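Have a look at the structure below before the remarks.
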Amino acid sequence: MNEVLNIADQTLILHRHPRRKNETFQAWDSADEYLINHFNDSELGQYITDDGQLLIINDGFGALSCYFKDFERTVVSDSFLSVGSIKLNMQRNRCGPESLLIQDSLQSLPTNAKVVLIKVPKTLSFLEYQLQQLSAVISDDTIVVAAGKVDAIHKSTLALFEKYIGTTKTSLAKKKSRLIFSLVDQREIAETEIATTWDIERQGWTIHNHANVFSRNHLDIGGRYLMDNLPEGDFTKVIDLGCGNGVVGMAAAEAYPNAQITFIDESYMAVDSARINMLKNFEEERSDNTRFVVNNGLVGFKGRSYDLILCNPPFHQQHTITDHIAWSMFNDAHFCLAVNGELVIVGNRHLDYQDKLERIFGNCELIAENKKFVILHAVKME
Ligand code: SAM
């Protein structure tokens with residue numbers, strides 16, 4: 001795996017965090033390279049005056065944060081893993097942290113950005129939220145350039161730039177990436193509500209979803225299947241691992257009234273939606289016995305401490321399809337469960353999580369299945 005990015009006048013060593021032994025994915029892509037080269041060729045640095053700054057939105061793993069180390073800059077991300085990668089890659093490349101502010105996507109954007117570089121995110125609703133935020137803080141002389149893989153830029157993507165920023169055109173494709181240039185000439189500052197709410201009738205819950213939350217327009221059918229197949233027991237410490245909007249943990253809060261429920265996700269927006277959903281749909285005393293943690297899986301959590309972990313694992317990291325996060329979640333769960341503690345997961349039939357769980361736990365039972373999903377149950381033995 002190539003970890004050395006030689007670009008323009010700089011050589012950067014970049015890793016995806018957490019670093020894996022046989023990493024197959026690079027920590028930057030051709031869209032990062034295209035943005036950096038364009039910035040240099042067009043001498044965009046000259047527009048970043050003393051009272052202004054560079055705003056970087058959705059830096060994946062730190063290539064942009066590191067490359068632009070000589071500028072005062074703010075980096076915005078909804079991903080705990082991205083933020084961790086940015087921090088570590090900054091250290092590795094000896095970029096002092098003084099001129100960099102990292103913030104999550106729920107915070108307000110700075111009002112003095114002179115140049116804005118955007119990596120187009122996976123979901124359109126999240127892009128819309130970010131462009132809406134941006135339209136409220138930029139001025140007519142702000143330069144806005146976005147980049148993404150050709151297959152992630154559609155007419156609907158460009159329509160959002162037209163709507164919230166102004167006249168938009170695209171570059172030629174290079175190494176399967178494209179740039180988007182928007183002039184700030186006709187932005188619409190009017191706010192439309194990007195967060196969604198919908199009801200789960202059976203439970204009588206109203207579910208709030210920030211723009212970047214998994215399955216934001218409906219209950220995920222995998223999540224629903226897990227909610228319908230919770231194990232019986234007198235559990236006291238339960239984790240909803242990869243909680244998204246929190247529906248699985250909420251079902252656990254209902255099924256085990258005395259249990260402390262910990263909701264964990266690497267998306268700041270997901271954890272905040274789960275917090276809102278517990279607050280809105282449960283009595284105060286019940287929602288008091290809950291914790292909400294933005295984290296990479298269970299890294300840093302105490303071993304042998306929980307008696308039930310529920311998980312509907314992800315199979316994407318940003319634009320990449322991968323099962324390595326599921327793997328590490330199952331390993332984390334094994335470490336954090338008390339002896340006789342249980343892990344219950346839902347997965348697409350074809351993903352073969354059964355084999356992984358058997359290897360980690362030494363046991364795995366199929367407790368329910370339908371045409372699409374399986375529910376698997378593993379017990380920590382010692
Ligand atoms: N539990 C929710 C449901 O059933 O609707 C969401 C499940 S979704 C398939 C997987 C979730 O895992 C996403 O919300 C994603 O943000 C989260 N996730 C991805 N990588 C993670 C990581 N390293 N640590 C914690 N959560 C992660």
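Counting starts at 1 for both ligands and their atoms, following the listed order. None of the values given here were measured: they were computed from a predicted structure.
- When all heavy atoms of E162 and T168 are compared, the pair lying nearest together is OE2-N, 3.1 Å.
- Closest approach of V75 and S65 over heavy atoms only: CG2-OG, 3.3 Å.
- Interface atoms of ligand 1 facing G223, defined by a heavy-atom separation under 4.0 Å, are 4 (O).
- In terms of protein heavy atoms, atom 26 (N) of ligand 1 is closest to E266 N, 3.2 Å.
- Hydrophobic clustering, with ILVMFWY side chains joined whenever heavy atoms are under 4.5 angstrom apart, keeps F39 apart from L55.
- Hydrophobic clustering of Ile, Leu, Val, Met, Phe, Trp and Tyr side chains at less than 4.5 Å, counting indirect connections, unites Y67 with V115.
- For N295, every heavy-atom contact with ligand 1 shorter than 4.0 Å involves the backbone, none the side chain.
- Residue S267 places no N or O, backbone or side chain, under 3.5 Å from any N or O of ligand 1.
- Here the protein heavy atom with the shortest distance to atom 24 (N) of ligand 1 is G297 N, 2.8 Å.
- Residue contacts with ligand 1, taken as heavy atom pairs separated by less than 4.0 Å, involve P313 solely via the backbone atoms N, CA, C and O.
- In terms of polar-atom proximity, M329 is not counted as a contact of ligand 1, lacking any N or O under 3.5 Å from an N or O of the ligand.
- In the hydrophobic clustering of this structure, L226 groups with M250; members are Ile, Leu, Val, Met, Phe, Trp, Tyr whose side-chain heavy atoms approach within less than 4.5 Å, directly or through other members.
- When only non-hydrogen protein atoms are considered, atom 14 (O) of ligand 1 lies nearest to D265 OD2, 2.7 Å.
- In terms of heavy atoms, A251 sits closest to M227 at CB-CG, 3.8 Å.
- Applying the ring-ring contact (aromatic ring centres under 6.0 Å, His included) rule to pairs touching residues 77-108 yields nothing, sequence neighbours excluded.
- C243 O, 3.3 Å is the protein heavy atom nearest to atom 2 (C) of ligand 1.
- For atom 9 (C) of ligand 1, the closest non-hydrogen atom on the protein side is N312 O, 3.3 Å.
- Looking at every heavy atom in both residues, A173 comes nearest to R178 through N-NH1, 3.7 Å.
- Of the protein's non-hydrogen atoms, the one nearest atom 1 (N) of ligand 1 is G242 O, 2.9 Å.
- The single protein non-hydrogen atom nearest to atom 19 (C) of ligand 1 is P314 CG, 3.4 Å, given as residue, atom name and distance.
- When each atom of ligand 1 is checked for a heavy atom of V248 under 4.0 Å away, the hits are 4 (O).
- With sequence neighbours left out, D240 forms a side-chain contact (heavy atoms from CB on, under 4.5 Å) with C243, V248, F263.
- Closest approach of V238 and A259 over heavy atoms only: CG2-CB, 3.9 Å.
- Among the atoms of I264, none of the N or O lies under 3.5 angstrom from an N or O of ligand 1.
- The shortest N or O to N or O distance between N296 and ligand 1 is under 3.5 Å.
- Residue L81 approaches ligand 1 through these ligand atoms, each under 4.0 Å from one of its heavy atoms: 23 (N).
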